[in-house]
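By convention in this document, chain letters (A, B, ...) are assigned in the order of the sequence lines, proteins followed by strands, and residues within each chain are numbered from 1. Scope of the values below: all heavy atoms of this structure, side chains included, with no hydrogens, waters or symmetry mates.
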6 protein chains.
Amino acid sequence: MADDPYGAELQPFAGITSFMRCPVTRDLAGVDVAVVGVPYDSGTSYRSGARFGPRKIREASLMLWGYNNPLAVKPLDALKVIDYGDVDVIPPSIVDTYQNVESEVGAILHAGATVISLGGDHSISLPLLRAHARKFGPLSVVHFDSHPDTWDTEFGGRPYSHGTPFRRALEEKLINPAGYIQVGLRGPTSGARDWQEARDLGVRVITLDEAAALGVPAVIAAIHETVKGPTYVSLDTQRAPPTRRSRPGPARLRSAD
Amino acid sequence: MADDPYGAELQPFAGITSFMRCPVTRDLAGVDVAVVGVPYDSGTSYRSGARFGPRKIREASLMLWGYNNPLAVKPLDALKVIDYGDVDVIPPSIVDTYQNVESEVGAILHAGATVISLGGDHSISLPLLRAHARKFGPLSVVHFDSHPDTWDTEFGGRPYSHGTPFRRALEEKLINPAGYIQVGLRGPTSGARDWQEARDLGVRVITLDEAAALGVPAVIAAIHETVKGPTYVSLDTQRAPPTRRSRPGPARLRSAD
Amino acid sequence: MADDPYGAELQPFAGITSFMRCPVTRDLAGVDVAVVGVPYDSGTSYRSGARFGPRKIREASLMLWGYNNPLAVKPLDALKVIDYGDVDVIPPSIVDTYQNVESEVGAILHAGATVISLGGDHSISLPLLRAHARKFGPLSVVHFDSHPDTWDTEFGGRPYSHGTPFRRALEEKLINPAGYIQVGLRGPTSGARDWQEARDLGVRVITLDEAAALGVPAVIAAIHETVKGPTYVSLDTQRAPPTRRSRPGPARLRSAD
Amino acid sequence: MADDPYGAELQPFAGITSFMRCPVTRDLAGVDVAVVGVPYDSGTSYRSGARFGPRKIREASLMLWGYNNPLAVKPLDALKVIDYGDVDVIPPSIVDTYQNVESEVGAILHAGATVISLGGDHSISLPLLRAHARKFGPLSVVHFDSHPDTWDTEFGGRPYSHGTPFRRALEEKLINPAGYIQVGLRGPTSGARDWQEARDLGVRVITLDEAAALGVPAVIAAIHETVKGPTYVSLDTQRAPPTRRSRPGPARLRSAD
Amino acid sequence: MADDPYGAELQPFAGITSFMRCPVTRDLAGVDVAVVGVPYDSGTSYRSGARFGPRKIREASLMLWGYNNPLAVKPLDALKVIDYGDVDVIPPSIVDTYQNVESEVGAILHAGATVISLGGDHSISLPLLRAHARKFGPLSVVHFDSHPDTWDTEFGGRPYSHGTPFRRALEEKLINPAGYIQVGLRGPTSGARDWQEARDLGVRVITLDEAAALGVPAVIAAIHETVKGPTYVSLDTQRAPPTRRSRPGPARLRSAD
Amino acid sequence: MADDPYGAELQPFAGITSFMRCPVTRDLAGVDVAVVGVPYDSGTSYRSGARFGPRKIREASLMLWGYNNPLAVKPLDALKVIDYGDVDVIPPSIVDTYQNVESEVGAILHAGATVISLGGDHSISLPLLRAHARKFGPLSVVHFDSHPDTWDTEFGGRPYSHGTPFRRALEEKLINPAGYIQVGLRGPTSGARDWQEARDLGVRVITLDEAAALGVPAVIAAIHETVKGPTYVSLDTQRAPPTRRSRPGPARLRSAD
């Protein structure tokens, strides 16, 4: 009989669904990485439902098995990773949600763990950046997205939404603009200056067309050239590249180097 | 060639989708009934997505044709009905959304039209009741639902959500408790006193089990006994009765008698 | 900040999904009820996929909240309930799966807990009955189903499948035929004698047509008349009655009275 | 090894999908019943797709097994039933489709078989009635539907559609009005006289509300009172009654008595 | 309060769904571009449902926002664009549908507007080409498709279907063959000569394999070399290129240069 | 009237669904190629449901029409192809299923036909290889997959599963390792040695990253260099390349050269 209800030895269809079958706990002693869900979707201007993102990413993560062939690493052997569960979000209030996210994630960082957060719509980046900058100071940022998310306001002049978090973070000095790179901008926008505004704020922008022309190695080199010190990685994508199937919902990874 | 882009003579799969193919306008002169969408879903504690409710109810309404056989009425012949479009809701803020709903619906009522609103989650009942009570005074209410929606707070002590609007409305004297009847309560709740609390607030409650035992005519009689004066009807249901297929999303109808 | 990663205070869309947010553990000390998944679906003759039943029942259970209004009980206040996780099933071998189910569930029963198992196709009833009968002796059984599941063989003369478990259990004296009642038989079968064969084996059968004619109270009375001593309840249904929406997948409950 | 590629001994997920695993053939010698698909959906005014109805009804029929418990009959033992395949329909032309249906079904009837046809939208009833009346003379009709389908015209004055076939059939004397009963009319219609028009044409109409008040035995008695001689049965339903799950698409059965 | 029921300032989930929130009107005075739906799907030989294409394209168009970054244009600022609604199509008759399409679109062109039509299956290209050629004379055509759609007949020798419109248009001298280019042919066909037949009719064909070998700039150059004078663009695709997500259904754009 | 119930002249939505409308028969006289389904899915460690693979591949095959443009071949003109139906699989027992597959496919091969089998999960490769090797001796194998499927055991030390068939086949000398090439390995695995183990067993491995770097012609050349004599081709893919849309489920083709 198995000793572990998370089913480390079970098949992907079986067992309690924690992220990659890591133990579910709020005990942070000795933890290297804490995975935490932020199931908030009231910041989006289109389809809601990303509140189920953390649950579905956990489910999909059971197919990751553990060994990453292209990178030849088995991270769970080298790091103590836990599933912390989800932050308590408040759907009708983005301000209250921001307080909870900053506070709960800040406590995890304070305990010394690196945080991987699972969204949720992209508005949650602001309290995550607040929590990280409070500990690490102004951050470098690697931001994969189709939009710059640096609008000044959205929803009739309001400051917080999925279109504004990185403008707010730059204003609040959470991000060091010289260390901020965006990759993948593409498609239609509401105005002619969306991309230029990001550049005016100091962001290094590589659009999807530019990335396709440069090639993956040159994009990786550009990222390495740009970032310095503690770096926050934000991934806002609906589909992963074809060889690595994943699920909707932004994921954020901070790694101090 | 047709003169009307809404396609009054087109088939249900064709044409711009306004409610029952009524004209889309914000000109309220001479209007009897204005249909207005309230596409807000940040008040729900489970599956979001009801922000698409008004759009889908409009789509489904094209199958209503016009003549209601059981009631032997053809309302669009007797009443001037328009589709007013949607209220501008603010997903990240229930407070701002409430202000917009109350203000925009209040203006329609002020112009003399009766309002049929299409939700949206049930949290929008509060600003709708505010707008109606401001014009008509305390309202009688017929409320079809599986839950009483009279919690004191939800989401960690917050006052506004899809579980609290009718408690707030009673506190704000928008509803006359003696004219308030709830029909259809059923299923599990989080506490033993959910139904009793509604009764303690003065609401006449007919649970689904009681309704099944009474029969439809007796329930209708109970409703007529209860309501007096201007009456607000609220329907929060995921499925219509089997003989009348409809779509998810609460619909609200006020009719002054 | 919440202390509990299962999110007892979180909303239904948030947190690790254990059954009704009960703690996930394999420590059975002081446990009244252990919920255990049996994600096996190789016994079915039609659509596979019930291996995801336990995961989806856990997800749906988050909407049960806790207080059952029709019964006026709040079981989690009166009983210590845990989520034990899933049995390790072996999809390519029903025989190996039966051994694992009997052994793992037997150990839980041995520790003194009552078991609620979540399927899985109905073939898993046989090892569940074996585990229970080994502890309690021949069982009374209340069996809700559209088929009697008392075929002699299926799949070309083989003894184990979702159509045979109760025949095997009667042959193995796990069930006391005088205490066995089936409710709900309906629809087409492959042969004229399917229902009569169950009766010939000593089962009291109430078909769905008979149940509709008798009414619910008379059916409940018949169940109480029939069962005696330790009783195993098996529910094989694709849809719950209309007023209590649930999800596919059999659930089994043993309660000693 | 099995000798039969239709898989009479296989499970419902396996084998070539003919109706109830009957042999697929166009040899009508000695055949009692021929099942024939009419995959036409250009007559509908709403959702197209019923062209896949015959394929999906065949798939669902594999779950019928063979023995009907409520009626205590095993029709495939008593009758030689074949699956004739589908009529060659012409989606862009209802007139050409009508010719093919009448001609192909007429040939089957001429060979002496009873026809069960699988739709397709309800416009196909007209050529089916033509083929049957050509052989049997004016027919009695039992018609289960939510609409009378006796409009004079549809689609801007055109004679053929899913709303007109029974008006045309009455005009063409294919149906004996004194032997025609409609059961189940319900819901909204485009005009106040839809139901009355059917009655004016001589049809006996039992609406769904009337059927619910009368009860099933009285409805069956009414049907028996009405029909005389060769009778055509037409079923236009999206959902079967709850105890007998079936799939969308009208099915038609003629049985001479 | 917003003045515009189409919700130019609303979010993509809100408001009446006109194409890119353009005003819905049949007043063509001063109109540069009229968007018109042709919800016809009885010309297809496989899955029907494209009758819902115009509705779904309108819904998806709300995500186009307005500014096209790769082309650096904001067309709605430079052009007066309206949503004309849908042509009245006749599902059971392609001939009647062709007359309505040619007549209604002809009237729009006569009023001086450029037409963007939203399908619907590809059979509608013929009446669209007729209407355009009647005004502009023989047209150049840019045709993106996986099939040449130049069959002589389909559905048992019939002239009109989704496989034949461009053969008919060439025969009727609506298209100047020297100005006709097809891009994207691929996959299986029913005969060995499908592609060669298009070439024999004078069409310049670039298959998908050839396009992949040439690269996008060379394909664009080939298109510019081929077309001369008034040009009709037809897009028959199930999926847009990966960087511009769109929805099923052909779209047609005529631009006079 | 058509003579053929499989509908060779019908549209893809009509008729009995045999593979590419080939005749359904178990008479193998003069047959070049027999298509046979193996609807078994109890060997998979994740989502079950591939038991419906043969049915859905048959349905999709109706869109293949017959002429392959890239290869300029029309195989049904040159070869006598039949649809043999499905093997009788035993979901609860992989051992019994293996016996049936080997026996039934062996009989087809014995009659002189080439077999194309439609899965089903990849565990069925072992009995297929057994049947082929019994007739042809050790086989060359071309194996397209994301995993090597050469695990030693799965499901707690058991020998048969979808992860082990090619290890077993090598051990049983069904495959000549020098003639075995795998193409497409990618993504995460459970251990660091999965790919190396395949190489240690003598398999020539071209990972997806290597294939992308080499290009398609070089991969084809590598395949031709590797295989010698009777060759078994196995395709385990969830999505076909973009220009040839197909459905899930492995397909296997043996061609003797």
Completion exercise
Correct closest heavy-atom pair for C:Leu28 and C:Ala107 would be CD1-O, 4.4 Å
Problem - Nearest heavy-atom neighbours spanning F:Val31 and F:Ala34 - result: CG1-N, 4.1 Å
Problem - Residues F:Val203, F:Ile181; criterion side chain to side chain contact (heavy atoms under 4.5 Å, CB included); working and verdict - result: CA-CA 6 Å; F:Val203 186; F:Ile181 183 166; 5.9 Å; no
Between [Y] and [X], is there a side-chain heavy-atom distance shorter than 4.5 Å?
{"X": "F:Ile82", "Y": "F:Val24", "value": "no"}
{"X": "C:Val141", "Y": "C:Leu129", "value": "yes"}
{"X": "F:Leu201", "Y": "F:Phe166", "value": "no"}

Mind listing the donor-acceptor pairs under 3.5 Å that bridge chain F and chain C?
from: F:Asp41; atom 1: OD2; to: C:Ser48; atom 2: OG; distance (Å): 2.7
from: F:Ser42; atom 1: OG; to: C:Ser42; atom 2: OG; distance (Å): 3.2
from: F:Thr44; atom 1: O; to: C:Arg51; atom 2: NH1; distance (Å): 3.2
from: F:Tyr46; atom 1: O; to: C:Arg51; atom 2: NH1; distance (Å): 2.6
from: F:Ser48; atom 1: OG; to: C:Asp41; atom 2: OD2; distance (Å): 2.6
from: F:Ser48; atom 1: OG; to: C:Gly49; atom 2: N; distance (Å): 3.2
from: F:Ser48; atom 1: OG; to: C:Arg51; atom 2: NE; distance (Å): 3.4
from: F:Gly49; atom 1: N; to: C:Ser48; atom 2: OG; distance (Å): 3.2
from: F:Arg51; atom 1: NE; to: C:Ser48; atom 2: OG; distance (Å): 3.4
from: F:Arg51; atom 1: NH1; to: C:Thr44; atom 2: O; distance (Å): 3.1
from: F:Arg51; atom 1: NH1; to: C:Tyr46; atom 2: O; distance (Å): 2.6
from: F:Pro92; atom 1: O; to: C:Ile94; atom 2: N; distance (Å): 3.0
from: F:Ile94; atom 1: N; to: C:Pro92; atom 2: O; distance (Å): 3.0
from: F:Asp96; atom 1: OD2; to: C:Arg158; atom 2: NE; distance (Å): 2.5
from: F:Asp96; atom 1: OD2; to: C:Arg158; atom 2: NH2; distance (Å): 3.4
from: F:Arg158; atom 1: NE; to: C:Asp96; atom 2: OD2; distance (Å): 2.5
from: F:Arg158; atom 1: NH2; to: C:Asp96; atom 2: OD2; distance (Å): 3.3

Exercise for the section: Give the member of F:Gly49, F:Pro92, F:Gly43 that has the highest number of heavy-atom pairs under 4.5 Å with chain C. Expected result: F:Pro92
